[in-house]
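The residues of the chain are indexed from 1 along the displayed sequence. Side-chain atoms are counted along with the backbone in the values below, which use heavy atoms only and exclude waters and symmetry mates. Worth saying up front: this structure is predicted, and the values here are computed from it rather than measured.
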Amino acid sequence: MAVIRDHVSDVTPPDSSAAPRETEEMTVSDSPALPAEERSARPQVARVAETGTIGGDRSRPMVRVQPLRDLMRRRQIQQSFLDPCAAFHSITRNWVEEHDFCLTDEDSEFLAAPDQQVLMQGGFVWLAISGQDAAGAVALLRRTDVDAMNSFSAPEGAAAWELTCLGVGPEWRRQGVATILVEALLRQYAEVARAGDVLFLELPQALAAATDVFGRVGFQEVTCQQPLAKTTRGLPLDVRMVYSGNVALRAKAPEPVSA
């Protein structure tokens, strides 16, 4: 489920010519803790244009869009730093309640543990941070379930990637926060997606005005017969959009298995 809560008239697809950065070695944990992973098993995190200066009150610290893993590691070192998992949950819950929607118990459990439910499943979460405040959030889920694959007629071995939980706090709207969140997510998709993969989002008809915003970055509306969103099943998801933009996919196809 993807809902945009910001004015993003200036969103543009990322520069596909930018070279990918290497993944740095890190093991992070929070409550619940993330287990240690071999470096080769970790999906590569996009590290291009993760920061941005936005309009509005210039007395505030610059907004930085950072991966959840990095923020969890910082909280391990600096206990006074905000809890990034709790911030992600709070941002999502706030805009859901703002529109008089409801989350199921299953939705709440999912959103309360993005480290377990998103990162450990091969997905990514990004937060827009200004000082000690969380200004916004977005998630990229990796879907390999049968329903998602069948809906997009994906080839064997492909994945469906779901843009979800795009939200911006009320005091940060119309300042470009959603812009840098979407740009970070598209760069991330370019790093990890392979030929045949699909990027999609779903949102309620009541928020269909956001389709214009997503359309500017390369999404096109398609028929939505049965909602697929995993994180906000309690919402009436009527609109589906699929990415057809021109970001260059950098991930290599898996090596064939020798007989």
Side-chain angles (χ1 to χ4, degrees), residues 1-6 26-37 42-43 45-46 50-52 54 57 60-142 162-173 175 177-178 180-182 184-185 188 201 203 229-235:
M1 157 64 202
V3 176
I4 190 161
R5 295 299 307 139
D6 199 1
M26 59 183 173
T27 300
V28 297
S29 65
D30 205 332
S31 181
L34 279 168
E37 299 174 279
R42 299 175 193 163
V45 177
E50 294 174 8
T51 67
I54 61 175
D57 185 357
R60 288 177 168 178
M62 182 175 69
V63 171
R64 298 177 181 274
V65 178
Q66 297 178 273
L68 180 66
R69 279 186 178 275
D70 290 5
L71 296 171
M72 290 172 63
R73 181 178 61 180
R74 177 176 174 181
R75 180 171 166 81
Q76 278 190 321
I77 300 169
Q78 180 185 350
Q79 292 296 314
S80 62
F81 187 64
L82 65 81
D83 182 339
C85 293
F88 172 76
H89 189 191
S90 177
I91 290 170
T92 303
R93 177 174 289 279
N94 286 347
W95 61 250
V96 168
E97 294 177 349
E98 180 181 341
H99 288 89
D100 296 323
F101 297 137
C102 295
L103 293 172
T104 65
D105 290 343
E106 187 177 5
D107 293 338
S108 295
E109 292 175 2
F110 190 102
L111 294 168
D115 51 347
Q116 302 290 309
Q117 301 289 351
V118 181
L119 302 189
M120 287 184 62
Q121 306 305 318
F124 302 86
V125 175
W126 297 76
L127 269 69
I129 302 296
S130 178
Q132 284 275 6
D133 298 324
V138 68
L140 181 64
L141 304 185
R142 185 175 187 272
E162 181 184 349
L163 185 162
T164 188
C165 300
L166 175 59
V168 175
E171 67 274 25
W172 293 99
R173 292 173 190 166
Q175 298 182 54
V177 175
I180 55 177
L181 283 166
V182 170
L185 183 139
Q188 185 62 73
L201 61 87
L203 67 160
K230 291 183 65 174
T231 59
T232 47
R233 297 176 184 177
L235 277 63

**Student:** Kindly give the heavy-atom pair with the smallest separation between L185 and A139, and that separation in Å.
**Tutor:** CD1-O, 3.4 Å
**Student:** Without swapping roles, check the side chain of D133 against the backbone of A135 for a donor-acceptor pair under 3.5 Å.
**Tutor:** no
**Student:** Would you call L71 and I129 a side-chain contact if the rule is heavy atoms closer than 4.5 Å?
**Tutor:** yes
**Student:** Give, for atom CZ of F88 and atom CG of L82, the distance between the pair rounded to the nearest 0.5 Å.
**Tutor:** 14.0 Å
**Student:** Do you see a donor-acceptor pair shorter than 3.5 Å between the side chains of D107 and T104?
**Tutor:** yes
**Student:** Output the distance between atom SG (C165) and atom NE2 (H89), rounded to the nearest 0.5 Å.
**Tutor:** 9.5 Å
**Student:** Is any side-chain heavy atom of L119 less than 4.5 Å from a side-chain heavy atom of P114?
**Tutor:** no
**Student:** Taking N94 for the side chain and S90 for the main chain, is one N or O donor matched with an acceptor at less than 3.5 Å?
**Tutor:** yes
**Student:** Testing the basics here: between A128 and L181, what is the closest heavy-atom pair and its distance to 0.1 Å?
**Tutor:** N-CD2, 3.9 Å
**Student:** Side-chain contact test, heavy atoms from C-beta onward, threshold under 4.5 Å: evaluate it for V118 versus L141 and give yes or no.
**Tutor:** yes
**Student:** For V138 and L163, what are the C-alpha separation, side-chain angles and deciding distance, and is it a side chain to side chain contact (heavy atoms under 4.5 Å, CB included)?
**Tutor:** CA-CA 7 Å; V138 68; L163 185 162; 4.2 Å; yes
**Student:** Looking at every heavy atom in both L103 and S108, which two are closest together, and how far apart are they?
**Tutor:** CB-OG, 4.0 Å
**Student:** Could you measure the distance from the CZ atom of F110 to the CG atom of D105? Nearest 0.5 Å is fine.
**Tutor:** 15.0 Å
**Student:** Just do the side chain to side chain donor-acceptor pair (under 3.5 Å) check on S130 and R64 with the steps written out, would you?
**Tutor:** CA-CA 6 Å; S130 178; R64 298 177 181 274; over 6 Å; no
**Student:** CD1/I180 to CD/Q175 distance, rounded to the nearest 0.5 angstrom?
**Tutor:** 10.5 Å
**Student:** How far does CG of D115 sit from CD of Q121, to the nearest 0.5 angstrom?
**Tutor:** 11.0 Å
**Student:** Would you please test L127 and V65 for side chain to side chain contact (heavy atoms under 4.5 Å, CB included) and show each step?
**Tutor:** CA-CA 5 Å; L127 269 69; V65 178; over 6 Å; no
**Student:** Under the 3.5 angstrom rule, does the side chain of Q116 hit a backbone N or O of A112 as a donor-acceptor pair?
**Tutor:** no
**Student:** If you look at every heavy atom in L140 and Q188, which pair is closest and at what distance?
**Tutor:** CD2-CG, 4.0 Å
**Student:** Check whether any side-chain heavy atom of L201 sits under 4.5 Å from a side-chain heavy atom of T164, and report yes or no.
**Tutor:** no
**Student:** On the ring face of F81, is R75 found with NZ or CZ under 6.0 Å from the centre and within 45° of the axis?
**Tutor:** no
**Student:** To the nearest 0.5 Å, what is the distance between CG (D83) and CE (M72)?
**Tutor:** 8.5 Å
**Student:** So, do P67 and W126 sit near enough that their side-chain heavy atoms are less than 4.5 Å apart?
**Tutor:** yes
